[in-house]
Amino acid sequence: MAIGKLYIGRKVRDVREAARATQSQFAERLGISTSYLNQIENNQRPVSAAVLLALAEKFGVSITDLSSGEGDRLLSALSEALSDPLFEGYSGSLQDLKLVTQNAPAIAHALIAAHQAYRRSSEQLASMDDRLGRAALSETTPYDEVRDYFHFVDNYIHDLDVMAERLAGELKLGGGENHVALQQFLADRFGVSVERTALKDELIRSFDPVTRRLSLNAYATPATRDFQMALQIAQLHARDVIDRIAREAGFRTAEAVEICRIGLQNYFAGALLLPYENFLKRARELRHDLDLLAAQFGASLEQICHRLSTLQRPGQKGIPIFFARVDRAGNITKRHSAAKLQFARFGAACPLWNVHQAFEMPGRIIRQLAETPDGVRYLCLATQITKGSGGFRAVQPRYALALGCEISYADNFVYADDLDIDNRAAFEPIGISCRICERHNCPQRAVPPLKSRLAVDHDNRSIVPYRIL
């Protein structure tokens, strides 16, 4: 395997500090000089293949873990922030940004947070009317703060995942017939009785802590009812761990802490029903066939896609994929990317992305070979799902799920078998969002890209009424 230049000084230093070794002791175990190690840790020299192999052999470090992770996501987020016209006078190179994200990630996070506050303030000012004096102050919302937290921990919470997997083993979960085991565990361990009933106000579940009764919507799907029982187990069985993780995350408001608790409870529930090693093994064996995985584990397509996005356990990583849930208005209500593809924080998703077509073809998994402006190619999958439960008059929100990977991993997906992935002409050009996409000839462009000069020809007109210079 060819290994490019990797400047991962901070990660190497973390490994050394975890081993409680001085630079001279660490360098001796790696078989290099102390000065070379010092240069690596300060990102003055890249690590060689020999050093990577030594780290893997002597310290049990995954090469994949060293060469990927938060750095790519942080670099993407920082690059997007600096594309704002606010930084028009800044002309830093990609190498400059890499040095910041590798050596001073806290500074990068602070700059991104400041830019988010600026953007929200600008949007708020643009929409204000005569009620200006009563407008709320602009700041990062608790919801966005929690979403960023999960994004930058790679959507993987080790302590919860391992705890859920251990309990799944005890209850023999992960085979698709989970209802009885979950209900019995709630009764035996916590004295909670479970009933199916017609709940009011579109509720999916309702728990009475006094009577210890968990009521589940009788019209919900079996997968939804199982997940809600697993969620109740998360609240009772994993409460202390969840509270500790939420507390240590350092959120600024109590509201963010509570939203994070919900996210962590959902995470535990998913990990309980789809235990890590068993799910990873079956995903590989079935070549990520979503329908077969859903049938195998008695789960919904959304649960399967979401769980695939969390398979980032060090030393046992799954395929690095991106996952998103999009509503009919184009709002991204869930998102995570372990691939290079990153979702825009502001504005709508690219209209050329096949996720929008899913609403036109319900019940089908749509495939797309796509290429982003940076030249990276992807296998993109999309399908529509319907949420909610009840009869004719019940509200049934519709979403599109998007899932995919870089094309180098496409052979691991059954959906790529008959696609011409070696033909570059088969790949459709897509972007992240019009605001940061620099394609000059896109007929679907909604707004010009930032920092671009425009030319208007009054004598000749195409679909887009300007040219990008």
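Every value quoted in this text rests on a predicted model; they were computed, and no experiment measured them.
With a 4.5 Å cut-off on side-chain heavy atoms, Phe297 and Leu273 do not count as touching. By the 4.5 Å heavy-atom criterion applied to side chains, Thr383 and Leu301 are counted as neighbours. For the pair Leu290 and Leu403, the minimum side-chain heavy-atom distance is below 4.5 Å. Looking at His288 and Asn412, their side chains come closer than 4.5 Å, going by heavy atoms from C-beta outward. Side-chain contact check for Tyr378 versus Phe322: some heavy-atom pair is nearer than 4.5 Å. No side-chain heavy atom of Arg225 sits less than 4.5 Å from a side-chain heavy atom of Tyr219. Between His237 and Phe268, the closest side-chain pair of non-hydrogen atoms falls below 4.5 Å. The side-chain heavy atoms of Leu171 and Asn178, taken from C-beta on, include no pair separated by under 4.5 Å.
The distance from atom SG of Cys260 to atom CD of Gln265, rounded to the nearest 0.5 Å, is 10.0 Å. Rounded to the nearest 0.5 Å, atoms CZ (Phe185) and CG (Leu236) are 9.0 Å apart. Considering CG of Asn155 and CG of Leu308, their distance stands at 11.5 Å, rounded to 0.5 Å. With values rounded to the nearest 0.5 angstrom, Leu182 atom CG is found 6.0 Å from Leu272 atom CG. Considering CG of Leu293 and SG of Cys305, their distance stands at 9.5 Å, rounded to 0.5 Å. Note that CD1 of Ile366 and CG of Leu381 are 10.0 Å apart. Values are rounded to the nearest 0.5 Å.
Put simply, the side chain of Tyr276 never gets that close to the backbone of Ala164: no donor and acceptor are under 3.5 Å apart. Put simply, the side chain of Glu277 never gets that close to the backbone of Gln316: no donor and acceptor are under 3.5 Å apart. At distances below 3.5 Å, not a single donor-acceptor pair connects side-chain atoms of Thr197 with backbone N or O atoms of Leu199. With Gln384 contributing its side chain and Leu401 its backbone, the two residues share no donor-acceptor pair below 3.5 Å. Not a single donor-acceptor pair under 3.5 Å links the side chain of Arg252 to the backbone N or O of Glu145. Proximity of a side-chain donor or acceptor of Gln368 to a complementary backbone N or O of Asn354 within less than 3.5 Å is detected. In terms of modelled atom types and a separation under 3.5 Å, the side chain of Asn423 and the main chain of Ala425 share a donor-acceptor contact. At distances below 3.5 Å, not a single donor-acceptor pair connects side-chain atoms of Asp154 with backbone N or O atoms of Tyr156. A donor-acceptor distance shorter than 3.5 angstrom exists from the side chain of Arg439 to the backbone of Ile430, with no hydrogens or angles considered. At least one donor-acceptor pair under 3.5 Å links the side chain of Arg367 to the backbone N or O of Tyr415.
Separation of the Phe152 and His109 ring centroids falls under the 6.0 Å cut-off. Checked against the 6.0 Å centroid threshold, Phe251 and Tyr149 count as a close aromatic pair.
Using a 4.0 Å cut-off between a side-chain N of Lys or Arg and a carboxylate O of Asp or Glu, Asp411 and Arg287 do not qualify as a salt bridge. The existence of a salt bridge linking Asp161 and Arg307 is confirmed by a sub-4.0 Å separation between a basic side-chain nitrogen and an acidic carboxylate oxygen.
Between Phe323 and His306, the two ring planes are tilted [angle within 30° to 60°]. Ring geometry, Trp353 versus His356: the interplanar angle exceeds 60°, so the pair is classed perpendicular (tilted spans 30 to 60°).
Minimum interatomic distance between Ala223 and Ser300 (heavy atoms only, all atoms of both residues): CB-N, 3.7 Å.
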*Can you check salt bridge (Lys or Arg N to Asp or Glu O under 4.0 Å) on Glu302 and Arg325, steps first, answer last?*
CA-CA 9 Å; Glu302 183 175 353; Arg325 190 181 71 184; 2.8 Å; yes
*Please lay out, stage by stage, how Glu195 and Leu214 fare under the test side-chain contact (heavy atoms from CB on, under 4.5 Å).*
CA-CA 6 Å; Glu195 67 172 9; Leu214 174 63; over 6 Å; no
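Shown here is Arg467, whose CZ atom has no more than 12 heavy atoms of other residues, nucleotides or ligands within 6.0 Å. Within a 6.0 Å radius of CD1 in Ile107, no more than 12 heavy atoms belonging to other residues, nucleotides or ligands are found.
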